[in-house]
Number of protein chains: 2
Amino acid sequence: MVQALTIHDIARLAGVSSMTVSRAINQPDRVSQAMRERVLEVVRHTGFVPNATAGSLRSARARLVAAVLPTLTGPVFQEMVRALNQALAERGYQLMIGQGGYGPDGEDELLHAVLRRRPDGIVLTGILRSPNSRRRLLSAGIPVVETWDLTASPLDMLVGFSNERIGEAVCAYLHRKGYRVPALLCGDDERAQRRAKGFKHMAQLLGWAVSAPVHLVPAPTTLAQGRAGLAALLDAHPLTDAVFCTSDMLALGVLIEAQTRGLAVPDQLAVVGLGDLDFAASLQPALTTVRIDGTRIGQTAAQYIVDRVEGRSVDQPILDIGFSLVERASA
Amino acid sequence: MVQALTIHDIARLAGVSSMTVSRAINQPDRVSQAMRERVLEVVRHTGFVPNATAGSLRSARARLVAAVLPTLTGPVFQEMVRALNQALAERGYQLMIGQGGYGPDGEDELLHAVLRRRPDGIVLTGILRSPNSRRRLLSAGIPVVETWDLTASPLDMLVGFSNERIGEAVCAYLHRKGYRVPALLCGDDERAQRRAKGFKHMAQLLGWAVSAPVHLVPAPTTLAQGRAGLAALLDAHPLTDAVFCTSDMLALGVLIEAQTRGLAVPDQLAVVGLGDLDFAASLQPALTTVRIDGTRIGQTAAQYIVDRVEGRSVDQPILDIGFSLVERASA
DNA sequence: ATGAAAGCGCTAACAC
DNA sequence: GTGTTAGCGCTTTCAT
């Protein structure tokens, strides 16, 4: 490249005005067929790529949606991100991922960096604790979708599920299966702890004798933490017969540690994970886990944002997509 | 928000010209201290976020670098992406991830979508086969870094390693350890197959009796494919005593399948992975694998691009960062 | 050290 | 259906 082509160059080469070039590219229906063909031929021949920066500035529409993920992106959100990306691409929008890496004041800085690009909407994933950030996001006046959680008072829209109810469901399941000395292996993020809370609540309702011990590990959770976590739990509570792990990676670690110790799963120890990552079904024993429909979250979030950007109203701005307990061999 | 604030609003509120506001924000040294404080106070108070779209358009510098990843992003590139993101953020650049999701003509469309935003540079990860895309990228005239591979004639700059040599090293290692009936479990992407080629080449040099069978599986590779792959290999070649898997996920599947079949690792079967993902060290037995320094790739790529964008020359535009064979218990 | 003028490349709004 | 004009919000450039 010597100097990037502009729409004016194309216009000159095609012998038309630059407005016609713009229309031929962006609103082909509003141009006669002959014109369209002539212009697009020049575009193809020159390899012209329109400058979206300029277009965005003028039209105040960036065709860009930002997703803000927790500092360390594990495999957990992958399904959602892929669906989000695809659904947006199909509608002519691009996804921009904001990922931290901004030092100690990360959250505010990250949001600032994202808002500078003037995205048409933002998808949040359990970040944004700081009231400062929330205020700033609100005053940006763009559609926001919060995900992976449920609250009565979202910033704007929400597509999620109840983490408490997940804990309750797993607890009831283990109780029904006859386990009686449960323990929890839990990431230290807010949502994971909400699951633990639900679990304990249900345990009380069911009249479980012991209060389940909770072993907290720093997120993002790893297999190694699962192994060490089970070891620690068994040290302190040797009679433990069931472990609910707030991620499949933790559960895999627990499975491996149990096997190393000669503990039979599920007979001597029940293991339940969360996420239903692609390896869960193929483990030995296959992992019983909680499935979250990340694809649906991503698609719905995309839909909500695009609808709002394009002036359609969103029927159900707070959507609980639930979850499902996938019963396999480990519990 | 009613209407987003502009630099002019801030200028009016601070009683200065908009140029002074711009300087106070972007080149604080070029403004007197009193001025700077006055302006930044207004900025803070109003929550003003500058419009990077406008700035990019005028200055022809987006402070944006794009990374183009294969359609399905596994955990493999995570380390690199994180390092890239962080290194860019520290230098005041933002990372934008391009991810496919654009239908059958994905590659060209993805590149087009990325180039429309006029990024200052592009980091490629083993995508971009189409000559069309390569031509278009070249004519965009921006710095490009290819990664995760080695070639004598890169598009522009390159930070990678030799996939052939990885195959050779693993083969030699297994030979030294006394294994004699090797097999390969290999993703169907180009780079994985390059590793297989290196492996077979070394096997020949070492005078290995059998030519190692290769079982190909579609990328991105999964644990389930590892299990099924080992089953298939053992069916066809019951005497197999060593498997080189071109990803740690495949290796994990092989480990699980071996254990299910009562095959002792490493005594009856050696297993080698690739990637050294965070779970590799904690498996039972711990996984022998090939480590690639994703952090270094990401940091170097960021450095190269920023250096070029800011007019500094890059000393060693083709950099082989090598790899290391991490010897653990599985082989 | 600060300000005024001009313009980046595109599209909204309006003419014809 | 096509063209003209103006301006999005910022920064470059030049003047003071």
Side-chain angles (χ1 to χ4, degrees), chain A residues 1 3-40 42-43 46 48-64 92 115-120 140-141 310-311, chain B residues 1-40 42-43 46 48-64 92 115-120 140-141 311:
Chain A
M1 168 193 96
Q3 182 57 47
L5 291 172
T6 75
I7 213 176
H8 300 291
D9 298 315
I10 307 303
R12 194 168 29 74
L13 291 171
V16 299
S17 80
S18 53
M19 215 30 242
T20 300
V21 175
S22 174
R23 288 196 188 101
I25 293 173
N26 300 307
Q27 319 172 52
D29 304 343
R30 303 188 45 177
V31 142
S32 73
Q33 182 176 345
M35 209 45 350
R36 188 166 56 228
E37 279 168 10
R38 174 142 59 108
V39 171
L40 293 184
V42 176
V43 168
T46 55
F48 172 62
V49 179
N51 185 331
T53 304
S56 299
L57 178 58
R58 175 63 243 229
S59 68
R61 299 269 255 75
R63 298 205 146 258
L64 186 69
L115 289 178
R116 284 169 54 100
R117 305 275 167 200
R118 297 291 190 270
D120 296 318
E310 298 180 352
Chain B
M1 165 192 100
V2 188
Q3 181 57 47
L5 292 171
T6 75
I7 213 176
H8 300 292
D9 298 315
I10 307 304
R12 195 169 28 74
L13 290 172
V16 298
S17 79
S18 54
M19 234 2 263
T20 301
V21 176
S22 174
R23 288 196 188 102
I25 293 172
N26 300 308
Q27 318 171 52
D29 305 342
R30 302 189 46 178
V31 142
S32 73
Q33 182 177 344
M35 216 26 13
R36 189 168 56 228
E37 280 168 9
R38 174 140 60 107
V39 172
L40 293 184
V42 176
V43 168
T46 54
F48 172 63
V49 179
N51 184 332
T53 304
S56 298
L57 178 59
R58 177 64 245 231
S59 67
R61 298 269 257 75
R63 297 205 146 260
L64 186 69
L115 289 178
R116 285 170 52 102
R117 305 275 168 200
R118 298 290 190 270
D120 297 318

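Letters A, B, ... are given to chains in the order of the sequence lines, protein chains preceding strands, and every chain is numbered from 1. Worth knowing before you read on, the calculation uses all heavy atoms, side chains too, and leaves out hydrogens, waters and symmetry mates. Not measured: the values here are computed from a predicted model.
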> How would nucleotides 9-16 of chain C be written as a contact map, 5' to 3', with B for base contact, S for sugar-phosphate-only contact and - for no contact, using protein heavy atoms under 4.0 Å?
Replying inline: BBBBB---

>> Please identify the 5'-most and 3'-most nucleotides of DNA chain D with any atom under 4.0 angstrom from a heavy atom of chain B.
In response: dG9(D) to dT13(D)

> Between Phe48(B) and Leu5(B), what is the shortest heavy-atom contact and its length?
Replying inline: CE1-O, 3.4 Å

>> Looking at every heavy atom in both Leu115(B) and Ala140(B), which two are closest together, and how far apart are they?
In response: CD2-CB, 4.0 Å

> Which is it for Arg118(A) and Leu57(A) under the side chain to side chain contact (heavy atoms under 4.5 Å, CB included) test, yes or no, and what are the steps along the way?
Replying inline: CA-CA 9 Å; Arg118(A) 297 291 190 270; Leu57(A) 178 58; over 6 Å; no

>> Do Leu13(A) and Thr46(A) have side chains that approach each other closer than 4.5 Å (heavy atoms only, starting at C-beta)?
In response: yes

> Of all heavy-atom pairs between Ala24(A) and Leu40(A), which one has the smallest distance, and what is that distance?
Replying inline: O-CD2, 4.0 Å

>> Tell me the interatomic distance from Arg12(B), atom CZ, to dT2(C), atom C1', rounded to whole angstroms.
In response: 19 Å

> Closest approach of Ala11(A) and Ser17(A), non-hydrogen atoms and distance?
Replying inline: CB-C, 3.7 Å

> Does any non-hydrogen side-chain atom of Arg30(B) lie less than 4.5 Å from one of Met35(B)?
Replying inline: no

> How far apart are the closest heavy atoms of Arg117(A) and Arg63(B), and which atoms are they?
Replying inline: NH2-O, 2.9 Å

